[in-house]
Student: 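Next up is a structure, given as structure tokens.
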Amino acid sequence: MNLEGVEKTMLLTLYTKAKHSQQKNHKFFDFKAIDVISEIDYDFSIADKDYQMQWGVISRTIVLDDMVSKYIRSHPRCTIVNIASGMDTRYNRLDNGIIKWYNVDLENSANFRLNYIKDSNRVKTLAYSAMDPSWVSEIDATDDVLFIIEGLSMYLTEEDNKRILNIIDENFKSCTVFTEIMPPVSVKNVKEKSVEEMDAKFIWGVQKGHELLKLNSNFKWIKDVNLFDGMNVYKPITKLFTWIPFIRSKMDYIAVLQK
């Protein structure tokens with residue numbers, strides 16, 4: 001499939017969403033993921049065995065679907081820019097019929113995506129690195145712009161993450177950013193078998209979202225949303241221990257920034 005390293009992880013997340021959607025007590029239903037996975041000839045046995053990866057993807061999807069849907073309800077004519085979109089199908093789950101949606105990803109990943117998930121009049125896939133400011137010229141948006149950066153920051157260096165925030169800051173007067181962050185202790189210690197076998201490595205993270213302001217002080221930190229909030233929806237029994245600060249501090253979170 002000509003996908004390498006981190007690029008291949010987009011198949012794992014898509015497969016996990018499709019698999020979860022077909023379970024009896026699914027917490028979200030992703031019909032597009034099911035359709036696409038049925039067309040891809042790939043051995044997903046490694047994903048079937050990696051429960052840690054599956055739980056993380058499901059929890060993150062529950063949390064971000066809730067956050068993005070609330071944003072859309074408050075800004076029904078918004079523009080959403082999905083950075084490092086991979087095979088993400090959130091648009092298909094949350095579209096209100098009038099939003100505009102851009103998927104930004106590396107050329108190889110973008111072309112692979114377009115083989116299975118076509119663009120439409122309100123959805124456009126842009127083949128650029130997130131660190132290449134050229135993608136900005138193709139975004140048709142003024143106010144009410146939401147950036148989603150999911151499953152990316154932990155694979156990049158601090159300088160790369162700073163570059164992405166700077167590009168957003170320099171080109172958009174006002175916007176909101178939802179970015180997934182992995183705490184440093186998890187960067188060092190978490191081993192997801194399926195991710196490791198694809199030669200994708202976690203290399204960066206910060207403990208709290210307000211630390212991102214050190215990379216660009218023009219943003220305002222609003223809050224952090226712990227992905228355990230999604231796990232508690234998926235498996236309610238986890239509420240017995242996910243409130244414990246020491247445990248919560250090891251989980252990924254969505255940092256919310258505004259400017």
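When a residue number appears, it is its place in the shown sequence, counting from 1.
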Student: If Ile, Leu, Val, Met, Phe, Trp and Tyr residues are connected whenever their side-chain heavy atoms lie under 4.5 Å apart, and connections chain through other members, are Val104 and Ile149 in the same group?
Tutor: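 Val104 and Ile149: one cluster.
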Student: Would you confirm whether Lys259, through its side chain, and Lys173, through its main-chain N or O, come within 3.5 Å as a donor-acceptor pair?
Tutor: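 Here the side-chain-to-backbone pair exists.
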Student: Testing the basics here: between Val187 and Trp204, what is the closest heavy-atom pair and its distance to 0.1 Å?
Tutor: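 Closest approach of Val187 to Trp204: CG2-O, 3.3 Å.
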Student: Which heavy-atom pair separates Phe112 from Met87 by the least distance, and what is that distance?
Tutor: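 Minimum heavy-atom contact is CD2-SD, 3.8 Å.
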Student: With Arg60, which residues qualify under salt bridge (Lys or Arg N to Asp or Glu O under 4.0 Å), at least two apart?
Tutor: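 Salt bridge (Lys or Arg N to Asp or Glu O under 4.0 Å) list for Arg60, sorted by chain: Glu150, Glu180.
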Student: On a heavy-atom basis, which atom in Gly97 and which in Asp95 lie closest, and how many Å separate them?
Tutor: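 That closest heavy-atom pairing would be N-OD1, 2.9 Å.
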Student: Return all side-chain donor-acceptor pairs below 3.5 angstrom for residues 224-232, not counting sequence neighbours, or 'none' if the list is empty.
Tutor:
from   : atom 1 : to     : atom 2 : distance (Å)
Asp224 : OD1    : Gly209 : N      : 3.4
Asp224 : OD1    : Trp221 : NE1    : 2.9
Asp224 : OD2    : Gly209 : N      : 2.9
Asn226 : OD1    : Phe228 : N      : 2.8
Asn226 : ND2    : Arg248 : O      : 3.0
Asp229 : OD1    : Arg248 : NH2    : 3.4
Asn232 : OD1    : Thr238 : OG1    : 2.8
Asn232 : OD1    : Thr242 : OG1    : 2.8
Asn232 : ND2    : Phe228 : O      : 3.3
Asn232 : ND2    : Thr242 : OG1    : 3.2

Student: So, does Tyr42 use its side chain to make a donor-acceptor pair with the main chain of Ile37 at under 3.5 Å?
Tutor: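 Answer holds: no.
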Student: Using the ring centroid of each side chain, check whether Tyr155 and Phe202 are separated by less than 6.0 Å.
Tutor: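 Ring centres of Phe202 and Tyr155 closer than 6.0 Å.
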Student: Residues two or more places apart in sequence or in another chain: which of them pass side chain to side chain donor-acceptor pair (under 3.5 Å) with Asn115?
Tutor: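 In terms of side chain to side chain donor-acceptor pair (under 3.5 Å), with neighbours along the sequence ignored, Asn115 is linked to no residue.
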Student: For the hydrophobic clusters of this structure (ILVMFWY residues joined by side-chain heavy atoms under 4.5 Å, transitively), does one cluster hold both Ile83 and Val256?
Tutor: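 Different clusters: Ile83 never reaches Val256 through Ile, Leu, Val, Met, Phe, Trp or Tyr contacts under 4.5 Å.
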Student: Establish, yes or no, whether the cationic atom of Arg93 lies under 6.0 Å from the six-membered ring centre of Phe29 and within 45° of the ring axis.
Tutor: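 Cation-pi check for Arg93 and Phe29: fails.
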Student: Hey, is the main chain of Lys250 close enough, under 3.5 Å, to the side chain of Ser186 for a donor-acceptor pair?
Tutor: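 A pair under 3.5 Å: yes.
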Student: So, the side chain of Ser59 versus the backbone of Gly56: is there a donor-acceptor pair under 3.5 Å, distance only?
Tutor: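 No; zero donor-acceptor contacts below 3.5 Å.
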Student: Take atom NZ of Lys100 as the centre, draw a 6.0 Å sphere, and report whether it contains more than 12 heavy atoms from other residues, nucleotides or ligands.
Tutor: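 Yes, enclosed.
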Student: Could you label the plane-to-plane angle of the Tyr71 and His75 rings as parallel, tilted or perpendicular, counting under 30° as parallel and over 60° as perpendicular?
Tutor: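 Taking His75 first and then Tyr71, their aromatic rings lie parallel (interplane angle under 30°).
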Student: Would Ser85 and Asp88 count as having a side-chain donor-acceptor pair, cut-off 3.5 Å?
Tutor: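 No, Asp88 and Ser85 have no side-chain donor paired with an acceptor closer than 3.5 Å.
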